Structures are given as structure tokens and as C-alpha cells.
Amino acid sequence: MSIDYDPFSLECRIDPYADYARLRKEMPAYWSEASRMFVLARYGDVASILTDPDRFSSDAMAKVLAIGGGREPEPGTPQMPGNIVTCDPPDHTRLRGIVNRAFTPRRVESWRPIIEAETRAAVDRMRMAGSFDVIADLASPVPPTIIAHVLGIGPEHHDAFKRRATILSAAMTGSLRFVDPVESGAAEAGFKQGRHLAGVIAERQAAPQDDIVSELIRAQGEEVLTPEETLGFVGVLTFAGSETTTNLIGNAVRVLIERPDVYERVIEDPSRIEALLEETLRWDTPVQYIFRRAKEDVEIAGTKIPKDGIVTLLIGSANRDTEHWGEDAEEFDLDRNTSGHLGFGLGIHFCIGAALARMEARIALEELLPLLQQSEFEGHPFDMIDSVQFRGVNSLRLRRRERSA
Ligand code: HEM
């Protein structure tokens with residue numbers, strides 16, 4: 001038996017799930033020679049590593065994404081300060097404590113009106129146009145606009161902010177991996193985005209408000225956060241919360257298109273949108289895998305992983321493991337108990353934006369449903385985004401059946 005699986009190959013973009021099933025069954029801790037990493041496919045192994053930061057470091061997230069982006073980092077390259085995703089305790093504990101203060105449920109709820117307004121405006125334009133693309137017209141532009149708002153960036157700068165966030169996200173997750181960072185515009189976008197965000201931080205420093213950036217600056221005043229970390233964390237938010245949410249909305253709408261039975265039940269009772277989104281986060285999750293580095297020799301699923309070995313944790317596979325979810329794990333089931341899905345990770349790095357992403361996606365689906373009822377899918381093949389780590393579709397084009405209001 002041989003399995004030829006490379007997490008960085010683009011071939012499994014269309015459907016990675018058959019490979020995942022074989023890995024879980026035959027090689028749950030697989031050494032990928034092509035990417036020189038161990039690949040872990042079972043729920044139990046993935047979950048136990050995510051909850052064991054003492055033995056598995058998140059610094060692998062920075063290193064491996066750079067390699068995935070086609071650029072081997074120079075040895076000794078410093079980590080970006082404030083990049084909460086890539087740091088371990090005690091730094092992570094300190095940063096997370098501050099960031100938790102910034103993302104309180106009350107503050108997340110305060111963003112509802114702007115999310116509703118932006119989503120309604122986008123859906124109204126789609127309705128008027130008659131022919132529309134759920135990705136290009138709604139799922140792609142709204143999340144970065146919301147992040148811009150969350151960061152206190154004025155509406156006049158939203159378009160430039162969105163454009164740069166899109167270039168940077170493509171550079172980090174795959175699409176630009178074989179493209180020179182200068183020629184692709186990623187270097188310039190990164191520089192301008194950094195300069196812009198530094199300007200926003202300086203404005204809040206002069207006149208604090210009741211927002212996230214002001215909260216971070218307060219922590220700077222208490223000397224628990226450095227100015228570089230503030231900028232780094234704000235930078236992380238610009239990409240962590242955009243394309244991921246785009247793909248959740250897109251993957252959920254794709255389920256509605258492909259599964260008329262699910263669609264009928266959601267139309268019949270729109271409160272099922274929540275179940276639709278949670279099962280999408282399990283069954284076709286936007287972030288397919290993340291990385292950790294073993295800090296000591298360990299043995300997983302009978303395979304020895306040496307100190308400093310990199311492990312790829314296949315969230316997309318763990319979320320379909322029959323050992324955890326039962327025999328029908330590969331099926332999309334609106335009635336499933338989805339608690340424990342790993343779509344937002346697990347443990348100390350659990351997604352800080354989960355509540356925001358859920359609210360954005362829920363509002364998007366609520367606003368879209370009436371329009372979907374009046375529309376039909378144009379029937380094109382699903383073109384997957386050019387990313388090795390994220391999963392989503394490039395476009396979902398529909399047309400209104402009749403143009404009366
Ligand atoms: C559907 C949308 C989203 C998905 C699927 C998603 C997924 C994830 C996953 C899997 C992790 C864990 C990474 C790890 O353990 O290494 C994570 C962490 C994180 N996410 Fe999200 N995310 C989404 C939306 C957002 C949003 C909207 C924001 C911010 C506004 C955000 C900010 C973050 C941050 C800052 C972390 C790092 C937390 C830490 O390291 O303590 N995410 N996300």
C-alpha cells in the first residue's frame with residue numbers, strides 16, 4: 001500500500017476527502033516526503049495535539065506558511081511580534097489575555113448593526129442586478145469591510161484596505177506562492193497596510209475610543225503590550241478574519257445549491273441557518289489544516305515524531321472521522337450534534353473571531369435566503385480557490401427568475 005499525499009500539492013483542492021479517508025484508515029500519522037512533514041488525520045490525535053501546547057509549539061505556523069508560500073525563511077528570521085497565532089505560552093497567555101479584553105461579547109454584539117447594514121446593501125445590489133455572484137458581490141467584500149470597521153478605519157479607506165487585504169491573504173495562503181512578492185504587489189500591499197494601520201494606532205493614541213485598537217493601546221500603557229505587538233496583532237486580524245469568513249459563507253451556500261433537501265428545510269425554518277453553518281464548519285471547513293512543531297520526541301499513532309518534527313493537523317479530516325462522529329461522518333446532516341468540531345481549532349489558540357464569524361455568516365444567510373428563493377444557480381462547475389490551506393469556491397453565480405420586486 002502506498003499513499004502519495006502532499007499537503008502543499010494543489011491536486012487535492014477539488015476533493016481532499018478521499019485522501020483523508022485513506023490516511024485515517026491506513027496511515028493516520030503519515031510522513032509526507034514531498035513537504036517533509038508528518039500528517040495527522042484522526043480526530044483523537046489532532047485534538048490531543050491542539051490541547052498540548054507544552055509539547056507542541058505554534059511557531060510552526062509561521063515557518064510552514066512561508067514555505068507553503070514558496071519562500072524558505074532565512075534561519076533565525078525573527079517572528080512578527082504580536083502574531084498571536086504563532087506564539088506559545090507565556091507570550092501567548094499574555095497576548096491572549098489582552099485580546100480577550102478587546103473581543104468581549106458586548107463589543108462583538110455592537111458590530112451587529114454595521115454587519116446588517118453592509119450585508120443588506122450588498123444583497124439589495126444583487127437583487128437589483130438580477131444576475132449576481134454570491135462570492136464576488138457579498139462573501140468576499142463584506143468580511144474585510146467589517147474588519148476595517150472593527151479596526152476603526154474610516155469608510156473612505158475601506159476599498160484600499162480591502163484590496164490590500166485580498167492581495168496579502170492570497171500571498172500567505174497559496175495563490176501567490178510561485179510569484180515574486182515584489183512583482184505580485186504583496187510586498188507593497190504589506191508595506192502600505194502596515195503604514196495605514198500604524199496611522200490608525202497613532203490616531204487612537206491621541207484620542208482613545210471604545211474600540212479594539214484603543215483597548216490594545218491601554219494595555220501598552222500598562223506595559224503589558226509593546227507598540228510592535230499592537231501593530232502585529234492588528235495586522236493578524238486583517239487577514240485572519242476575512243477570507244476564512246468568505247469561505248464559510250460560500251461553502252454553506254454551496255451546500256444549499258447541491259442539496260435541495262437541506263435547502264428546503266432551511267427555507268421552511270430559517271432558524272436552521274445556525275445548524276447549516278455549524279455542520280458546514282465540520283463537513284467542509286474553511287481552514288483545512290494547521291501546523292505544530294514537536295518540542296520533544298513523541299510517538300503518535302505508532303509513529304515516532306522526533307524533536308522539531310513538523311506536524312500537519314488535518315482539521316478537515318478530523319472533522320469527518322467516523323471514530324468520533326459515527327458511521328455517517330462523511331454525510332452532511334443538518335440534525336447532527338456538531339459540538340466539538342475543529343473548524344475554529346481547539347485549546348489555547350481557539351479562534352478569537354469565532355463569534356464574529358458566526359454572526360457575519362448568519363446575517364449573510366438570513367439576508368440571502370429570500371433572494372435565493374427567487375433565483376436559480378447558473379450551473380457552472382465549482383472552481384476552487386487557489387489555496388492549499390483554505391477551502392472555498394471562487395464564484396457562485398445565480399440569476400433571478402423574474403425581476404419584479
Ligand atoms: C469562518 C471563519 C473563521 C475560521 C474557519 C477560523 C479558523 C481559525 C482556526 C482554525 C484557528 C486556530 C489556529 C491554530 O490553532 O493555530 C483560528 C485562530 C484565530 N482566528 Fe480565526 N477563523 C475564522 C474567523 C476569524 C475572524 C473573523 C477573526 C478576527 C476578527 C479571526 C481571528 C483569529 C485569531 C486572532 C486567531 C488566533 C488565536 C490564538 O492564537 O490565540 N478568525 N481561527
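Fair warning: this is a prediction, and the values are worked out from it, not measured in the lab.
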Trainee: Mark yes or no for whether His158, through its side chain, and Ile153, through its backbone, hold a donor-acceptor pair below 3.5 Å.
Mentor: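 Yes, His158 side chain to Ile153 backbone: donor-acceptor pair under 3.5 Å.
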Trainee: For Ala47, is there any backbone N or O sitting under 3.5 Å from a side-chain donor or acceptor partner on Thr51?
Mentor: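 At least one qualifying donor-acceptor pair exists.
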Trainee: Distance check, rounded to the nearest 0.5 Å: Phe233 atom CZ versus Leu197 atom CG?
Mentor: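 So the gap between those two atoms works out to 12.0 Å.
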Trainee: If we ignore hydrogens and angles and just use 3.5 Å, is the side chain of Ser317 paired with the main-chain N or O of Leu314 as donor and acceptor?
Mentor: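 Judged by distance alone, no pair lies under 3.5 Å.
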Trainee: Once the angle between the rings of Phe377 and Phe382 is folded into 0 to 90°, is it parallel (under 30°), tilted (30 to 60°) or perpendicular (over 60°)?
Mentor: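 Because their plane-to-plane angle is under 30°, the rings of Phe377 and Phe382 count as parallel.
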Trainee: On a heavy-atom basis, which atom in Gln288 and which in Tyr20 lie closest, and how many Å separate them?
Mentor: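 Here Gln288 and Tyr20 meet closest at OE1-OH, 2.7 Å.
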Trainee: Should Ile115 and Arg112 be marked as a side-chain contact (heavy atoms from CB on, under 4.5 Å) after you check the CA-CA gap, both sets of side-chain angles, and the distance that decides it?
Mentor: CA-CA 5 Å; Ile115 300 173; Arg112 182 183 291 278; 5.6 Å; no
Trainee: Could you give the distance from CZ (Arg101) to CZ (Arg96), rounded to the nearest 0.5 Å?
Mentor: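 It is 14.0 Å, given to the nearest 0.5 Å.
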Trainee: If you look only at distance, which donor and acceptor atoms sit under 3.5 Å apart when one is on a side chain in residues 344-365 and the other is two or more places apart or in another chain?
Mentor:
residue	atom	partner	partner atom	Å
His349	ND1	His92	NE2	3.4
His349	NE2	Ser58	OG	3.1
His349	NE2	Cys87	O	3.3
Arg358	NE	Glu278	OE2	2.7
Arg358	NH2	Glu278	OE1	3.0
Arg362	NE	Glu366	OE2	3.2
Arg362	NH1	Glu274	OE1	2.9

Trainee: Would you call Arg42 and Asp45 a salt bridge, taking side-chain N to carboxylate O under 4.0 Å as the test?
Mentor: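 No, Arg42 and Asp45 are not salt-bridged.
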Trainee: Using a 3.5 Å distance criterion without hydrogens, assess whether the side chain of Asp328 forms a donor-acceptor pair with backbone atoms of Glu331.
Mentor: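 Pair absent, no side-chain N/O of Asp328 close to backbone of Glu331.
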Trainee: Looking at Arg107 and Asp210, is there a salt bridge between them, counting it only when a charged N and a carboxylate O are closer than 4.0 Å?
Mentor: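 Salt bridge present between Asp210 and Arg107.
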Trainee: Roughly how far, to the nearest 0.5 Å, is CZ of Arg163 from CD of Gln193?
Mentor: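 Separation between the atoms: 10.0 Å.
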Trainee: Within the distance-only criterion (no hydrogens, no angle test), does the side chain of Arg164 pair as donor or acceptor with the backbone N or O of Gly190 below 3.5 angstrom?
Mentor: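 Answer holds: no.
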Trainee: Please tabulate, for side-chain N and O atoms in residues 138-145, each donor-acceptor pair with protein atoms closer than 3.5 Å (sequence neighbours left out).
Mentor:
residue	atom	partner	partner atom	Å
Thr145	OG1	Pro141	O	2.7

Trainee: For Lys192, does the NZ atom have more than 12 heavy-atom neighbours from other residues, nucleotides or ligands under 6.0 Å away?
Mentor: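 No, NZ of Lys192 has 12 or fewer neighbouring heavy atoms, counting only those of other groups under 6.0 Å.
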Trainee: Can we say Arg125 and Asp137 salt-bridge, meaning some charged N sits less than 4.0 Å from an Asp/Glu carboxylate O?
Mentor: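 No.
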Trainee: Check the pair Phe161, Thr238 against side-chain contact (heavy atoms from CB on, under 4.5 Å), reporting the backbone distance first and the verdict last.
Mentor: CA-CA 9 Å; Phe161 175 86; Thr238 63; 3.6 Å; yes
Trainee: Check this for me: does any side-chain nitrogen of one of Arg22 and Asp19 sit under 4.0 Å from a carboxylate oxygen of the other?
Mentor: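 So Arg22 does not pair with Asp19 through a salt bridge.
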Trainee: Which pair of heavy atoms, one from Val213 and one from Leu151, lies closest together, and at what distance?
Mentor: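 Between these two residues, the closest heavy atoms are CG2-O, 3.6 Å.
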Trainee: Nearest 0.5 Å, please: how far is CG in Leu256 from OG1 in Thr280?
Mentor: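 One gets 7.5 Å once the value is rounded to the nearest 0.5 Å.
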Trainee: Checking side-chain contact (heavy atoms from CB on, under 4.5 Å) for the pair Asp383/Val393: CA distance, chi angles, key distance, verdict?
Mentor: CA-CA 6 Å; Asp383 178 22; Val393 285; over 6 Å; no
Trainee: So which of Ile49, Ile305, Asp88, Leu313 actually passes side chain to side chain contact (heavy atoms under 4.5 Å, CB included) with Phe56?
Mentor: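 Going through Ile49, Ile305, Asp88, Leu313 one by one, the side chain to side chain contact (heavy atoms under 4.5 Å, CB included) with Phe56 is satisfied by Ile49 alone.
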Trainee: Step by step, work out the ring pair (Phe, Tyr, Trp, His ring centres under 6.0 Å) result for Phe291 and Phe38.
Mentor: CA-CA 10 Å; Phe291 309 99; Phe38 293 89; over 10 Å; no
Trainee: Given 3.5 Å as the limit, does a donor-acceptor pair link the side chain of Ser32 with the main chain of Tyr5, or not?
Mentor: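 A pair under 3.5 Å: yes.
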Trainee: Answer yes or no: is there a side-chain heavy-atom contact under 4.5 Å between Leu50 and Arg292?
Mentor: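 Yes, close enough: below the 4.5 Å cut-off.
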Trainee: Donor-acceptor check, side chain of His341 to backbone of Glu279, threshold 3.5 angstrom: yes or no?
Mentor: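 Side chain of His341 to backbone of Glu279: no pair is present.
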Trainee: For the atom pair CG (Asp159) and NZ (Lys162), what is the distance rounded to the nearest 0.5 Å?
Mentor: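 It comes to 4.5 Å.
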Trainee: Under the salt bridge (charged side-chain N to carboxylate O under 4.0 Å, His left out) criterion, do Arg399 and Glu378 qualify, and how do the steps go?
Mentor: CA-CA 7 Å; Arg399 181 177 296 280; Glu378 285 194 346; 3.1 Å; yes
Trainee: Check this for me: does any side-chain nitrogen of one of Arg218 and Glu215 sit under 4.0 Å from a carboxylate oxygen of the other?
Mentor: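 Glu215 and Arg218: salt-bridged.
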Trainee: Answer yes if the side chains of Glu109 and Trp111 hold a donor-acceptor pair under 3.5 Å, and no otherwise.
Mentor: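 Side chains of Glu109 and Trp111: no pair found under 3.5 Å.
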Trainee: Ignoring hydrogens, what is the shortest heavy-atom contact between Asn247 and Pro286? Give both atom names and the distance.
Mentor: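 Heavy atoms only, the tightest pair is CB-CB, 3.8 Å.
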Trainee: Show the nearest heavy-atom pair for residues Ala240 and Thr244, with the distance to one decimal.
Mentor: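 What the structure gives for the nearest pair is O-OG1, 2.8 Å.
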Trainee: Between Gln389 and Val287, is any pair of side-chain heavy atoms under 4.5 Å apart?
Mentor: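 Touching, per the 4.5 Å side-chain cut-off.
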Trainee: Any side-chain heavy atom of Asp261 within less than 4.5 Å of one from Leu334?
Mentor: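 Side chain of Asp261 against side chain of Leu334, heavy atoms only: no contact under 4.5 Å found.
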Trainee: Between Leu371 and Leu369, does the side-chain contact (heavy atoms from CB on, under 4.5 Å) criterion hold? Intermediate values first, please.
Mentor: CA-CA 5 Å; Leu371 180 57; Leu369 268 192; over 6 Å; no
Trainee: Any side-chain heavy atom of Val255 within less than 4.5 Å of one from Asn251?
Mentor: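 No. Closest side-chain heavy atoms not under 4.5 Å.
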Trainee: With a 6.0 Å cut-off (strictly less than), is the heavy-atom count around CD of Glu330, excluding the residue itself, greater than 12?
Mentor: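 Correct, the count exceeds 12.
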Trainee: Side chains of Gln205 and Ile201, heavy atoms from C-beta outward: is any pair under 4.5 Å?
Mentor: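 Side-chain contact under 4.5 Å: yes.
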Trainee: State whether the side chain of Arg401 and the backbone N or O of Ser375 hold a donor-acceptor pair below 3.5 Å, judged by distance alone.
Mentor: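 Checking the backbone N and O of Ser375 against the side chain of Arg401, a donor-acceptor pair under 3.5 Å is found.
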Trainee: Just wondering, do Val39 and Pro7 contact through their side chains at under 4.5 Å, heavy atoms?
Mentor: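 Yes, their side chains come closer than 4.5 Å.
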Trainee: Is there a side chain to side chain donor-acceptor pair (under 3.5 Å) between Arg397 and Ser395 once you walk through the steps?
Mentor: CA-CA 6 Å; Arg397 287 193 302 277; Ser395 69; 3.3 Å; yes
Trainee: With heavy-atom distances below 4.5 Å as the criterion, would you say the side chains of Thr338 and Leu281 are in contact?
Mentor: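 Of all side-chain heavy-atom pairs linking Leu281 with Thr338, none is under 4.5 Å.
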Trainee: Taking atom CZ of Arg127 and atom CG of Leu368, what is their separation to the nearest 0.5 Å?
Mentor: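 Arg127 atom CZ to Leu368 atom CG measures 9.0 Å (nearest 0.5 Å).
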Trainee: Check Lys295 with Asp54, please: is the shortest side-chain N to carboxylate O separation under 4.0 Å?
Mentor: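 Salt bridge: no.
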Trainee: For the residue pair Leu342 and Tyr43, establish whether any side-chain heavy-atom pair is separated by less than 4.5 Å.
Mentor: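 Yes, at least one pair of side-chain atoms sits under 4.5 Å.
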Trainee: Quick one: is the NZ or CZ of Arg320 closer than 6.0 Å to the six-membered ring centre of Trp325, and within 45° of its axis?
Mentor: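 Output no; distance or angle outside limits.
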Trainee: Compare every heavy atom of Val150 with every heavy atom of Ile212, then report the nearest pair and how far apart it is.
Mentor: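 Nearest heavy atoms, Ile212 then Val150: CD1-CG1, 3.7 Å.
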Trainee: Less than 4.0 Å between a side-chain N and a carboxylate O, is that true for Asp59 and Arg293?
Mentor: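 Judged by the 4.0 Å cut-off on N to carboxylate O distance, Arg293 and Asp59 do form a salt bridge.
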Trainee: Checking the side chain of Arg282 only, and the main-chain atoms of Asn319 only, is there a donor and an acceptor separated by less than 3.5 Å?
Mentor: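 Yes: the side chain of Arg282 pairs with the backbone of Asn319.
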Trainee: Short question: side chain of Arg391, backbone of Asp284 - any donor-acceptor pair under 3.5 Å?
Mentor: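 It does not hold such a pair.
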Trainee: Could you check whether Arg94 pairs with Glu229 (Lys NZ or Arg NE/NH1/NH2 to Asp/Glu carboxylate O, under 4.0 Å)?
Mentor: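 Salt bridge present between Arg94 and Glu229.
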